[in-house]
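Below, chain A is the first sequence line, B the second, and so on; all start at residue 1.
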Amino acid sequence: MNDQELHELAEKQAALGEVRGTPARDPVNAPMIRHWLDAMGDENPAYLEKGVAPPAMAQVWTMPGVRRSAKDRSPVDDMIAALDASGYTGVVATNCEQTYHRYARIGERLTPATRFTDLAGPKRTALGVGFFATWTVTWYGEDEEPVAEMLFRVLKFRPRTRESSSSTTGQAAAGEGQAAAYPLQPAINQDTAFFWEGVKQGELRIQTCADCGELRHPPGPLCPRCRSVNRGHMVASGQGTLYSYVVHHHPPVPGRETPFVVGVVELPEGVRIVGNVVDCPIEEVAVGMPLRVTYRRMDDQLVLPMWTPGEA
Amino acid sequence: MEIGAALPELSIDLTPTVVVSTALATMDFTPVHHDVEMARGQGSKDIFLNILTTMGLVERYVTDWAGPEAVIERIAVKLGVPAYAGDRLCFNGTVVAREDGRLTVEVRGKVSLGDHATGTVTLMEEGERR
């Protein structure tokens, strides 16, 4: 996406307003508070004596856990994915502001709600050119009243080449974005280049026959219907349903963690496409499930289209 | 707790145990907070403190000083350089405002690379915990 399209997406995401997430897996509880106080070295006795949680724990109650189930799609996810796909792969958090309306009480279950508020940029920063993305999360108690709010801002930046950023602290702060080349590279040639150009821009492009209009995927030199070599492409909606899939456990695949899901996705446009199903616990993957495309940056150059649970 | 009063310094040795145990206690399993090779592979010097812990330590720093009756209302932090395992995180603070029992404290958490976190904490000195 270009800068203007990124701003248009930001406005769209902001217009979604506050999007509620899944309630915390566990109610506010003493063992997690005790564990947290212990790790922080915080000896304040007030929390456990009074049956309340340290206010800075607000976000802890709704963290996703080790096997993150991303059923909770927030308005922030699409924005970050678009910034990644547009080359702004570096990320560094710049601001975290929490306001506590009251202390959360042991026994109550908090529910988060996320609102995308602002995209600013592109701006030149010490780390490189980037956008500042800001969102807020509000945690509600069971009485539907807000308990705590957080403003969070990150800089998504285009990492500089290695030579020019040498060993600045910014490089260290970058976190993502300096990944080595992904070991499995697609074969990009005259027949397929349009597809890979598309995914870099956040477009799922399907080859068309320029003469008879037939759609075909994977791309090839010749129309299977009219045998014309004239070709074009269209941009698919990005929706699909899972036609079939396998779960890959073994053998190990370089650059990937097993198990992972390889799906055949049927597009409403009329072709099927192979891709990974992500952001979904493997046991919940099912033939016929609605999916929508997402874009994952694998290294400085390569973006892969993948599939995430979508609206039916 | 007058304006201009300085909080006692708090210095925390950021051992790998501190970085990992706080990441887990805050339910943050992002590999850069516990997996050294992964962190280095992504261009970091070592594993580093996660943001939830930075917030928790700022809170602890202020309540260590203000006492168990204080009620924290707001923590606003500007995040700076990473706090790597093997480094030392030093907190300093100053009371900058006081009105009707509500204090504003400026806090700075420094590591060897510079400011890790700077910001303000707002608290009620002896508020009724609501």
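The environment of A/E144 atom CD is dense: over 12 non-hydrogen atoms of other residues, nucleotides or ligands sit within 6.0 angstrom. By the 6.0 Å contact criterion, CD on A/E149 is enclosed, its count of non-hydrogen atoms from other residues, nucleotides or ligands being greater than 12. No more than 12 heavy atoms of other residues, nucleotides or ligands shown are found within 6.0 angstrom of CD on B/E99. Shown here is A/E283, whose CD atom has more than 12 heavy atoms of other residues, nucleotides or ligands within 6.0 Å.
Nearest heavy atoms, B/L57 versus A/M40: CD2-O, 3.6 Å. Listed here is the closest heavy atom pair of A/E97 and B/A76: CG-CB, 3.7 Å. Here the closest non-hydrogen pair linking A/A46 and B/P68 is CB-O, 3.4 Å. Residues B/T63 and A/Y47 approach most closely at CG2-OH, 4.1 Å, considering heavy atoms. The minimum heavy-atom distance linking A/A39 with B/T22 is given by the pair O-CG2, 3.3 Å. Considering every non-hydrogen atom in both B/L52 and A/Q59, the closest pair reads CG-OE1, 3.5 Å.
With hydrogens and angles ignored, the 3.5 Å screen pairs no side-chain donor or acceptor of A/Y100 with any backbone N or O of B/I75.
Proximity of A/N44 to B/E59: side-chain heavy atoms (C-beta onward) are nowhere separated by under 4.5 Å. At least one side-chain heavy atom of A/M32 sits less than 4.5 Å from a side-chain heavy atom of B/M27.
When the candidates B/T122, B/T120, B/I51 are compared by the number of heavy-atom contacts under 4.5 Å with chain A, B/I51 comes out ahead. Taking chain A as the reference chain and counting heavy-atom pairs below 4.5 Å, the highest number among B/D46, B/T17, B/T53, B/I12 is found for B/T53.
Expressed to the nearest 0.5 Å, how far OG1 of A/T99 lies from CD of B/E73 amounts to 9.5 Å. Remark: A/E43 CD to B/D64 CG distance equals 7.5 Å, nearest 0.5 Å.
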- Message: For a salt bridge (charged side-chain N to carboxylate O under 4.0 Å, His left out) check, start with the C-alpha distance between B/E69 and A/K50, then their side-chain angles and the critical distance, and finish with the verdict.
- Response: CA-CA 11 Å; B/E69 292 308 313; A/K50 298 183 181 179; 3.3 Å; yes
